[in-house]
S.K.: 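After the structure tokens below, expect a handful of questions from me.
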Number of protein chains: 2
Amino acid sequence: MTASLDPRTGLPVVAMVGGGQLSRMTHQAAIALGQSLRVLAADPAESAALVAADVQLGDHRDLADLRRLAEGATVVTFDHEHVPTEHLRALEADGTRVAPGPAALVHAQDKLVLRRALADAGEPQPAWAEVSTVPAVAAFADEVGWPVVLKTPRGGYDGKGVFVVHGPDQVAELLEQHGTLLAEERVPMLRELSAQVARSPFGQVAVWPVVETVQRDGVCNEVYAPAPGLGEELATAAQELAVRIADRLGVVGMLAVELFETADGVLVNELAMRPHNSGHWSIDGAVTSQFEQHLRAVLDYPLGSTAMTAPVVVMANVLGGDAAAEDWSGPGLDERIHHCMAHWPDVKLHWYGKGQRRGRKLGHVTALGTDLAEVRARAVAAARYLADGVVDPAFAFDDDEH
Amino acid sequence: MTASLDPRTGLPVVAMVGGGQLSRMTHQAAIALGQSLRVLAADPAESAALVAADVQLGDHRDLADLRRLAEGATVVTFDHEHVPTEHLRALEADGTRVAPGPAALVHAQDKLVLRRALADAGEPQPAWAEVSTVPAVAAFADEVGWPVVLKTPRGGYDGKGVFVVHGPDQVAELLEQHGTLLAEERVPMLRELSAQVARSPFGQVAVWPVVETVQRDGVCNEVYAPAPGLGEELATAAQELAVRIADRLGVVGMLAVELFETADGVLVNELAMRPHNSGHWSIDGAVTSQFEQHLRAVLDYPLGSTAMTAPVVVMANVLGGDAAAEDWSGPGLDERIHHCMAHWPDVKLHWYGKGQRRGRKLGHVTALGTDLAEVRARAVAAARYLADGVVDPAFAFDDDEH
């Protein structure tokens with residue numbers, strides 16, 4: 001099938017399912033490439049719908065909406081994993097290019113499918129079992145010990161759908177509620193890492209430095225690039241692992257391989273086949289951001305350089321905090337941004353335009369430099385001030401700045 | 001007047017008159033700040049109209065269209081200088097914040113007004129005279145020698161409205177056609193420089209390194225940041241000159257001071273009070289781009305760091321060339337972009353989405369590095385390949401890349 005080009009520009013049209021911040025930042029990258037992202041949003045107030053010219057309102061579970069989105073588009077891609085596999089197959093049957101394709105994407109949609117595939121490939125992962133009865137869980141716990149981690153195979157994200165159970169008495173209710181679950185050993189991990197790779201249909205791959213991710217309540221909160229103190233051997237092993245997985249599964253676009261680092265090496269936690277929170281640092285911190293690279297990859301363009309633009313880059317998420325509360329009486333958002341800019345003129349702000357709600361990802365900030373402690377201090381203080389309106393005593397404003 | 005905020009986001013709405021590439025790149029910067037630029041475009045196919053969510057079609061010379069644009073906007077700003085002064089005064093009388101204001105902007109609109117203001121301020125500029133008769137031009141030429149440069153006070157850009165006359169016989173026709181003109185000595189210049197400064201209503205200013213600009217047929221073609229071989233003393237003097245002008249004229253937003261470098265120092269050529277071609281390098285080459293800074297300045301946000309992200313940055317414009325011809329039989333635009341990405345994975349592309357036409361600014365590329373000759377070679381070769389589909393022998397592709 002010949003690729004469709006926008007007759008106004010002579011350039012491709014990428015259609016993205018989902019109107020969240022990933023879509024918003026992909027549109028930003030598309031602008032530089034002469035393109036305009038087409039967005040399928042559920043609501044006109046969604047993050048990407050506020051800024052993109054070509055927005056379709058619809059439901060990602062509705063095949064008719066997906067077909068309308070695909071009309072005249074060069075390729076259809078995603079800012080989340082929730083499109084039903086059968087709809088993706090139907091789009092492919094229509095002749096639509098879907099990237100990543102359903103056969104790859106299912107490994108990011110279904111944790112049991114992923115575990116089986118990694119087992120077949122002999123890749124390192126936690127001990128696991130498919131469980132649908134209490135005795136099955138108890139038998140698994142006999143092998144790996146309590147607590148056991150139970151996960152819903154589908155639909156979980158940001159810590160949702162993950163349950164740490166300390167004995168068999170909590171299991172029955174979870175099985176009743178969710179059906180078959182994935183049981184995993186609780187890994188004695190040192191920290192979490194993320195290895196990102198982009199892969200094009202041609203088979204070109206590009207990797208970024210492996211990063212350390214820090215979660216808070218299951219939500220990504222900070223990212224350090226490169227992962228501090230990670231030996232070159234382990235870093236290379238993690239990158240090679242990510243490339244092998246991308247190749248074996250036929251991923252097209254961005255792949256984030258979330259890893260547990262243990263005393264014995266790395267284990268695969270889960271996959272995301274789209275731009276991912278662990279790669280937001282690359283907008284300011286790499287020659288080619290994950291968003292531009294995702295566009296290049298799904299279009300089968302050659303991939304861009306992933307070199308870092310500074311020795312140390314720290315990304316800190318702004319999660320809705322005290323300042324998102326209804327009874328908040330401190331400085332409003334616009335004022336907080338004002339103070340943030342005044343105090344940290346070299347911290348890069350990325351605000352998603354979403355309504356403020358506690359725990360919600362509202363934006364992120366990026367700081368660049370050479371010393372991790374200094375760079376992290378700047379990023380975290382700026383993010384905390386934006387979220388909670390609180391000035392960390394360690395990074396107090398001067399009096400005359402207030 | 002209290003600033004208007006977008007009720008959906010709690011953040012300001014900047015409205016920009018003009019839908020060209022400057023507006024397009026300002027929208028890109030607005031996205032990171034949680035905003036969505038409101039654009040007044042003359043045509044839905046304009047560069048910014050293709051990518052922005054909030055586009056109004058209208059005429060920048062029509063006060064009703066301008067008033068509609070201003071409704072609910074925090075501030076109105078410009079991607080060109082062509083809005084009539086009386087309309088800007090009318091908007092201000094309505095209570096609309098206009099940045100830069102009409103009293104400042106007129107110095108970028110009318111070259112005679114600028115010359116008078118610089119003379120009053122005692123700032124360095126070429127010898128000049130206001131002329132409306134042939135004898136007046138001849139008398140001026142007696143002082144400064146032929147050739148004399150005649151300029152239309154208003155409406156010129158990219159070399160249009162500029163005439164180099166070598167004797168009195170060419171003058172009558174120009175005066176008849178254009179009325180009163182600005183006569184200037186032809187400056188024995190070494191090269192052209194640009195000093196950019198952002199200024200906020202609060203009076204904060206931020207300067208970038210002074211750059212060298214290289215024109216082709218009166219159109220900016222290449223920019224080297226920082227200006228190579230420029231002594232620190234002269235660089236500082238040029239930055240201070242730009243700041244003095246911004247202060248004196250009350251500029252709000254970006255100001256580009258285009259300069260002639262001569263054996264005796266710098267002379268002011270002309271001003272632009274908006275993001276300017278000489279600052280495109282800052283998107284990839286500075287912590288804060290001129291586009292983000294323009295938004296910060298017109299919103300009276302604190303200004304961002306102007307530090308460079310690499311020692312040497314070169315921007316090369318892609319002007320419509322052979323490949324824009326109707327009978328072009330070489331690789332199409334999408335294919336040229338493909339090859340460009342393959343050959344220069346670290347050159348940053350900025351494509352404006354406009355129809356291809358010879359001489360038209362279609363996009364630009366930016367290269368970063370440490371050695372000017374190497375960095376320039378990459379940027380120029382990439383731009384030339386995009387424009388003309390010609391591979392410079394000095395930067396030939398390997399056979400197996402074709």
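Here is the naming used below: chain letters follow the sequence lines, and residue numbers restart at 1 for every chain.
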S.K.: Between Val287(A), Leu299(A), Val347(A), Asp54(A), which shows the greatest number of heavy-atom pairs under 4.5 Å with chain B?
M.R.: Val287(A)

S.K.: Between Ala29(A), Ala32(A), Ala49(A), Ser305(A), who has the most heavy-atom pairs with chain B when the cutoff is under 4.5 Å?
M.R.: Ala32(A)

S.K.: Please identify, among Lys354(B), His27(B), Gln35(B), Arg296(B), the residue contributing the most non-hydrogen atom pairs under 4.5 Å to chain A.
M.R.: Arg296(B)

S.K.: Rounded to the nearest 0.5 Å, how far apart are CZ of Arg24(B) and OG of Ser36(A)?
M.R.: 7.0 Å

S.K.: Where is the tightest heavy-atom contact between Leu333(B) and Thr9(A), given as atom of each residue plus distance?
M.R.: CD2-O, 3.6 Å

S.K.: Once you round to the nearest 0.5 Å, how far does CG of Leu349(A) lie from OH of Tyr301(B)?
M.R.: 8.5 Å

S.K.: What part of Leu368(A) gets closer than 4.5 Å to chain B, counting heavy atoms only: side chain, backbone, both or neither?
M.R.: neither

S.K.: At a heavy-atom separation under 4.5 Å, does Ala52(A) approach chain B through its side chain, its backbone, both, or neither?
M.R.: backbone

S.K.: Nearest 0.5 Å, please: how far is CG in Asp284(A) from OG1 in Thr309(B)?
M.R.: 10.5 Å

S.K.: Which pair of heavy atoms, one from Leu33(B) and one from Met341(A), lies closest together, and at what distance?
M.R.: CD2-CE, 3.8 Å

S.K.: To the closest 0.5 Å, what do you measure between CG (Asp6(A)) and CG (Leu50(B))?
M.R.: 7.0 Å

S.K.: Can you tell which part of Leu303(B) gets under 4.5 Å to a heavy atom of chain A, answering side chain, backbone, both or neither?
M.R.: backbone

S.K.: Assess whether atom CZ of Arg358(A) is packed by more than 12 heavy atoms of other residues, nucleotides or ligands within 6.0 Å.
M.R.: yes

S.K.: For Leu5(B) versus Asp334(A), what's the shortest heavy-atom pair and its separation?
M.R.: CD2-OD2, 4.0 Å

S.K.: Does a side-chain heavy-atom distance below 4.5 Å link His350(B) with Ile31(A)?
M.R.: no

S.K.: Please state whether the side chain, the backbone, both or neither of Ala307(A) comes within less than 4.5 Å of a heavy atom of chain B.
M.R.: neither

S.K.: Are the charged groups of Arg8(B) and Glu46(A) less than 4.0 angstrom apart, N to O?
M.R.: no

S.K.: Search all heavy atoms of Thr288(A) against all heavy atoms of Pro345(B) and return the closest pair with its distance.
M.R.: OG1-O, 4.2 Å

